[in-house]
Amino acid sequence: MLRRVADALYWMSRYIERAENNARILDVNIQLLLDFENQNEAAVRRHWEPIINSLEDRELFFSIHPEATAETVVDFVSFEKKNPNSIYSCIGRARENARTVRELVSSEMWEQINSLYLYLGSERSRSVFAGSGYEFFKSIVDASQLFQGITDATMNHGEGWDFLQVGKYTERADRTSRILDVKYHLLLPTGEKVGGNVDVVQWLAVLKSCSAMEAYRKLYVGQVAPWMVAEFLITNDTFPRSIRFCVNRLDLALHRISGISHTHYGNEAERLSGRLSSDLAYSTIADIFSFGLHQYLDRIQSRLVEVSKAMLKTYCDWMEEEGKMHYPLKSPAEA
Amino acid sequence: MFAAEGVARPHYRKLMERFQDMGREEFERKRALAAQSLLNQGVTFTVYNNNEGTERIFPFDLIPRIIPASEWDFIERGLAQRITALNMFLHDVYHDQRILKEKIIPGETIRSAAHFRPEFMGFDVPKDIYIHICGTDLIRDESGVYHVLEDNARCPSGVSYMLENRQVMKRIFPKLFGRYSVRPVDTYSEELVKLLRSVSPDGNNEPAVVLLTPGIYNSAYFEHSFLARSMGIEIVVGADLVVENARVYMKTTKGLKPVDVIYRRLDDDFLDPKVFRPDSLLGVPGLVEAYRRGNVNLANAIGTGVADDKVVYYYVPQMIKFYLGEEPILPNVPTYLSANDADRAYILEHADELVIKAANESGGYGMLIGPQATKAEVEKFRGLVAANPRNYVAQPVVNLSRAPAFCEESIEGRHIDLRPYILYGDKITIVPGGLTRVALRKGSLVVNSSQGGGSKDSWVVDDEPDAAAC
């Protein structure tokens, strides 16, 4: 497979996953607010700034909007063209990448991503959005999941498909860590205790945004505590949005691409992903909390960046000399 | 399609019945369905303004153009004759130049042609094929005679629209296909990939064939990816390829993989910055050297543009006589060469009645349609012709035949042309029909998509038994 094509498939997959997760984060935050309707304005604002912090787009956000309100944050994360990570930009870039590899994606995949893109640019999406945030975000999550289902069912499960898996699971591990981190940034109202009512509701929201509620409840019957939720979303090895699960899948996909047994590594990306995978397997939640949850998640994010860089170097770099033959479609830096 | 005002030619009768039966609502519904289908599939071209590219669908007219089989057979013979002569001409012009020595074409015309590549004199291309793929534009005049307007012998585009238009029509009017027996076009991609494989330089039986595109920002990118997909070959940009020891490779996840045949959708000028334009970022450094050494083949060959020159076009009927000893089956549109003193005097005097074209421009650029131009524009072209006679030709405005098209509110006659696609390999293959372009603006003669043109599906159908009666 062409290195450029592997690159485009990887990024296409990441962007779609990113758009879906942005929709999840916003949706949950809106729902969370409904539980605290009688809050004052300052309290409401405290709900939105953490999203911007967690997505690491703070600087850009405040260069466009003076303050983080429900409207400004939701618009920034959903439609803002200047924000390269907004849902609109992500789908646009996913489609741009898909366009370069149309000989590899099935027509059904292309039509799905293309119609999602056309929908986002249309009046219709704006009016759905204005009518109900819930409907809008659900339409994005549904469209992304439909795309993944179509991909599984119509695309050849060969090397190209493996690059899609690498992109999808890298992004999903990263986003789950950020969703958890939103909770870290979300301060409890004064007088509320850790483990108190508000705290529990917030942790439930985190689970919901990862579609993890049912799976969590079966494992931790009747209990919601910060360390349990974190344990589940970080170290569970069967839930498809937990960080460990995603890293395992990422590691497997990398090994399928190289053809090397997954007990060994044949390149730097495999070495890094294997090490991350075993760290996740052998860490207890007590270790993680004593390291500091936020610091731990931060570390996970930068280790994912390292895996990704090594993978791109091994399989995807295709420009002769950086800057000399700059093909317009250059994937941006990691977000 | 109209024999006289309002009287449809016989082969259109069933079609008109169907469209007349159809209510306005049904027609609109089908039209919206077609547009949506084209948009979702991304059958678009890109229009640039304000630095922001917007994708538009190539306007598609639901009413097909019908060509009776007898008419088509004639066209087919004419096109086969023409491409054979053009390939012989290219061989000759890059070897012995007999046609120049015998003064059929002035040597100066060739030497001054912008796309003539003297660097390739004496160079032998595999199987002696220069033009593998040709898209020849035909127009039918008011008396029903088809003329050749131009031969696109470099990178003719539009074939994907021909194929997609047929798909859309089948989806929308399945019954109509039952009533007519329309000759199929969908073998094009198979024929093309067979042709490309057959011209592999060392006769390699399993050649790696790729399509070289300028990239996704090229307005024809949809077509490039469509063709690559339907042929099952890789689509590459210049930076995907690298030349080592005069051999072309593509950069894959598993290392370098050799490439044997390149279907390039990139003009000569951009192919190799070491040989042609040094500022080209789209090509592959060293590609020409690999080609010269016979390690890779290009379709079309380098230097075919000399046959595209509008002054050289003037001589194609003479070429046919010279190389084949035959009378041309399809005539040219009458053409004045401004390089000839008498012609030039005529052009300068009648500039406001003529179509004046620069010899090496395409896509509706660098041309003047006298009767529709302002005085200032006519003056400008008079100046251009006088200053650079070699570079201009002129033709009378041909009253193109019209076909019914749906325009805004109703079905009206609009001017059309026809671009069949000719594949020249071990045999000549022309899929029946081609791309019919239609000038959707009332009175307009320009069919280019950038100027309000659209397209139609083109059907070659068996003749009606009673055709002669009308």
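So that the names make sense, note that chain A is the first sequence line, chain B the second, and so on, each numbered from 1.
For His65(A), the NE2 atom counts as densely surrounded, since its 6.0 Å shell holds more than 12 non-hydrogen atoms of other residues, nucleotides or ligands. Under a cut-off of 6.0 angstrom, the local environment of CZ in Arg271(A) is crowded, with over 12 non-hydrogen atoms contributed by other residues, nucleotides or ligands. Annotation for Asn245(B): atom CG does not count as buried by contact number, only 12 or fewer foreign heavy atoms lying within 6.0 Å. The number of heavy atoms from other shown groups lying within 6.0 Å of NZ (Lys30(B)) is above 12. Summarising the local packing, NE2 of His157(A) is surrounded by more than 12 heavy atoms from other residues, nucleotides or ligands at distances under 6.0 Å. Within 6.0 Å of atom CZ in Phe129(A), more than 12 heavy atoms from other residues, nucleotides or ligands are found, so the atom counts as buried in its surroundings.
Residue Leu118(A) comes nearest to Leu39(B) through the heavy atom pair CD1-CG, 3.6 Å, listed as atom of the first residue, atom of the second, then distance.
Atom CZ of residue Arg3(A) and atom NZ of residue Lys251(B) lie 8.5 Å apart, to the nearest 0.5 angstrom. Note that CZ of Arg102(A) is 9.0 Å distant from CZ of Phe226(B), once rounded to the nearest 0.5 Å. Atoms CD and CG, on Glu234(B) and Leu2(A) in that order, are 4.5 Å from each other to the nearest 0.5 Å. Distance CD/Glu103(A) to CG/Leu227(B): 12.0 Å, rounded to 0.5 Å.
With a 4.5 Å cut-off on non-hydrogen atoms, Ile233(B) touches chain A through its backbone but not through its side chain. Tyr117(A) does not touch chain B: none of its heavy atoms, backbone or side chain, sits under 4.5 Å away.
Listed for the Arg99(A) side chain is a donor-acceptor partner under 3.5 Å among the backbone atoms of Ile216(B). In terms of modelled atom types and a separation under 3.5 Å, the side chain of Asp240(B) and the main chain of Val5(A) share no donor-acceptor contact. Proximity of a side-chain donor or acceptor of Tyr315(A) to a complementary backbone N or O of Thr252(B) within less than 3.5 Å is not detected.
Checked by atom type, the side-chain pair Thr253(B)/Glu159(A) shows a donor-acceptor distance below 3.5 Å.
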